[in-house]
Amino acid sequence: MKRTRIVEAVKMTQYGETVNVKGWVRTKRGNKQVNFIALNDGSTINNIQIVADVDKFDEELLKSITTGACLSVTGKLVKSEGAGQAVEIQASEIEIYGLADNTYPLQKKGHSMEFLREIAHLRPRTNTFGAVLRIRHNMAIAIHKFFHEKGFFYWHSPIITASDCEGAGQMFQVTTQNLYDLKKDENGSIKYDDDFFGKQTSLTVSGQLEGELGATALGAIYTFGPTFRAENSNTPRHLAEFWMIEPEVAFIDLAELMDLEEEFIKYCVNWALEHCMDDLTFLNNMIDKGLIERLKSVVSTEFVRLPYTEGIKILEAEIAKGKKFEFPVFWGCDLASEHERFLVEEHFKKPVIMIDYPKEIKAFYMKQNTDGKTVQGTDVLFPQIGEIIGGSVREENYDKLMARIQELNIPMKDMWWYLDTRKYGSCPHAGFGLGFERLMLFVTGMQNIRDVIPFPRTPKTADF
Ligand code: 4AD
Ligand code: MG
């Protein structure tokens, strides 16, 4: 008999019809006459209640059905008398696919997030992770829909690269060399001639540089793929492997870039509100009571647009009034997340798009302002999260870009192709990168970035 997914079964009203569902046992309770089994197949946060009359089934079979076991159940769909569900299934056949004995780690409810990280292979079977992972899928769909509808092309930047887009030296090397027998030249430097690619290569920190090649040919592209950073940041907001969405657009300026950033985030958040209400309601009840309200508020408020210099003035005025921050504030400093969160959560009480940063604290490719001090970079700062987007208008002037590359001592050997975009038919263009898991943190209300990706990679952890 054809299986009905539980997401559909719980909405059915064809009482009396025979249906088949398959899934994992969440709980079982009962008495001498009847057993109640809550079954979940991951298609929804909701379980379906299976009612098994004790005299209809072998006692041993019913006994062996415990939390975590996998079943196929056929039976009549009936209106439920009990509270909490509209329908239930009066079982006529139960087939056990897989038993789960009492070592199954998800016996009780209410495990800590830390414990669940240790069993990341099983945590997708919990309510919380089921909800988070269904929302994650929905956000991915929303992202593709948003850009597709706007005429952007999905562009695949390579994962293995010989250039360091952010110039921060936080790259994981890719090599097939025998690490016990590295070939070195007379100066003691490693020789890459015999390595797989014949040069030093790494996992990409950003698909932007190749994305710019796409934008300056197809007009507007976006990437959506994994990126890697070997930064030793053990924080609830950093992963060593995270997914990034990087649109890159020809012929737009800073104001249009900010419009795109704002419209994009609002579209995604609104998508969650329209398509994930069951899961959001669960997370709102169990994880973060202010979640749905916060999501609605972001969709309906206009983001603040704030030059960096103004932001520094606000923070300095606050410090003069007695406010204490851990890190110092001065023009030229890289804002710490406590500063960003103060501006967003306490001062403006809405998302802030900060622009015109000192060039010293931003990457080489950002368009230089005429003041000689600042660049047209933008960071979108969010409540609870801090930086959710980093982007900029790109320096399209060959000479200015070259001067900056030389100033920063960026190795030119592997950048010739990037410079060619400024040499042949250069054009104004801009783009940004949104950290997918930072968006997920915001949309789910989860507190730690390790809990919005199935298998997090962080310093000293690469299990599963
Ligand atoms: O600000 P970032 O470093 O910007 C870039 O990589 C640009 N090339 C993007 C572009 O203009 N196309 O990173 C962009 C975003 C951050 O705002 C943050 O949301 C996320 O990527 N991010 C991380 N997310 C999780 N873990 C990390 N270690 C992250 N580093 C950056
Ligand atoms: Mg950044």
Side-chain angles (χ1 to χ4, degrees), residues 136 139 143 147 152 155 157 161 163-172 203-216 220-249 252 254 257-258 260-261 264-265 268 308 334-337 340 344 351-355 357-358 361-367 375-382 384-395 418 429-443 446 448-453 456-459 461:
R136 190 175 163 107
M139 288 298 91
I143 287 160
F147 287 117
F152 286 53
W155 170 270
S157 286
T161 173
S163 49
D164 181 356
C165 174
E166 294 304 299
Q170 297 172 324
M171 305 188 80
F172 290 102
L203 297 177
T204 192
V205 295
S206 157
Q208 176 196 325
L209 300 185
E210 294 88 352
E212 287 185 50
L213 309 181
T216 54
I221 61 91
Y222 69 104
T223 71
F224 185 0
T227 47
F228 307 85
R229 295 200 186 175
E231 56 186 326
N232 204 356
S233 306
N234 242 314
T235 82
R237 319 239 175 281
H238 289 88
L239 289 168
E241 175 179 315
F242 62 100
W243 287 63
M244 191 154 41
I245 298 96
E246 296 186 272
E248 192 68 35
V249 197
I252 64 166
L254 183 61
L257 177 68
M258 288 191 281
L260 184 68
E261 292 172 342
F264 174 50
I265 298 189
C268 293
Y308 169 91
D334 204 354
L335 293 180
S337 100
E340 296 174 342
V344 172
V352 171
I353 309 184
M354 193 173 267
I355 54 167
Y357 283 86
I361 58 171
K362 289 292 179 190
F364 73 95
Y365 50 70
M366 296 196 181
K367 186 176 172 71
V375 288
Q376 293 186 14
T378 74
D379 276 4
V380 180
L381 311 177
F382 251 52
Q384 317 273 321
I385 312 297
E387 178 189 337
I388 193 165
I389 280 181
S392 80
V393 180
R394 317 307 186 189
E395 183 53 75
Y418 184 70
H429 62 289
F432 66 82
L434 170 102
F436 189 47
E437 287 75 20
R438 300 258 175 108
L439 175 69
M440 280 297 299
L441 279 176
F442 182 72
V443 172
M446 298 294 283
N448 194 310
I449 200 161
R450 293 163 178 79
D451 302 328
V452 294
I453 185 167
R457 265 78 183 105
T458 51
T461 359

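Computation of the quantities below employed the complete heavy-atom set of this structure, encompassing side-chain atoms and omitting hydrogens, waters and symmetry-equivalent molecules. Just follow the structure's listing: the first ligand is 1, and inside any ligand the first atom is 1.
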**Message:** Under 2.8 Å from the Mg ion (ligand 2), is there any N, O or S atom belonging to Glu387?
**Reply:** yes
Look only at interatomic distance and state if [X] has a nitrogen or oxygen under 3.5 Å from any nitrogen or oxygen of ligand 1.
X      : result
Ile388 : yes
Ser392 : no
Phe242 : no
Gly391 : no
Glu387 : yes
Leu239 : yes

**Request:** Mind listing the closest non-hydrogen atom pair of Phe382 and Ile388 along with its distance?
**Result:** CD1-CG2, 3.7 Å
Short list, please: which atoms of ligand 1 are under 4.0 Å from a heavy atom of [X]?
X      : answer
Ile449 : 25 (C)
Arg237 : 25 (C), 26 (N)
Ser206 : 6 (O), 8 (N)

**Asked** What do we get for Ile389 next to ligand 1 when only non-hydrogen atoms under 4.0 Å count, side chain, backbone, both or neither?
**Response** backbone
**Per-residue contact class, Tyr365 against ligand 1 - non-hydrogen pairs under 4.0 Å** = side chain
**Prompt:** Do any heavy atoms of Met244 fall under 4.0 Å from ligand 1?
**Reply:** yes
Option whose closest heavy atom lies nearest to [atom], chosen from [options]:
atom                    : options                        : result
atom 12 (N) of ligand 1 : Glu246, Gln170, Arg457         : Glu246
atom 15 (C) of ligand 1 : Ala168, Pro456, Gly433         : Gly433
atom 13 (O) of ligand 1 : Glu166, Glu231, Arg229, Glu241 : Arg229

**Asked** Between Glu248 and Arg394, is there a side-chain N and carboxylate O pair less than 4.0 Å apart?
**Response** yes
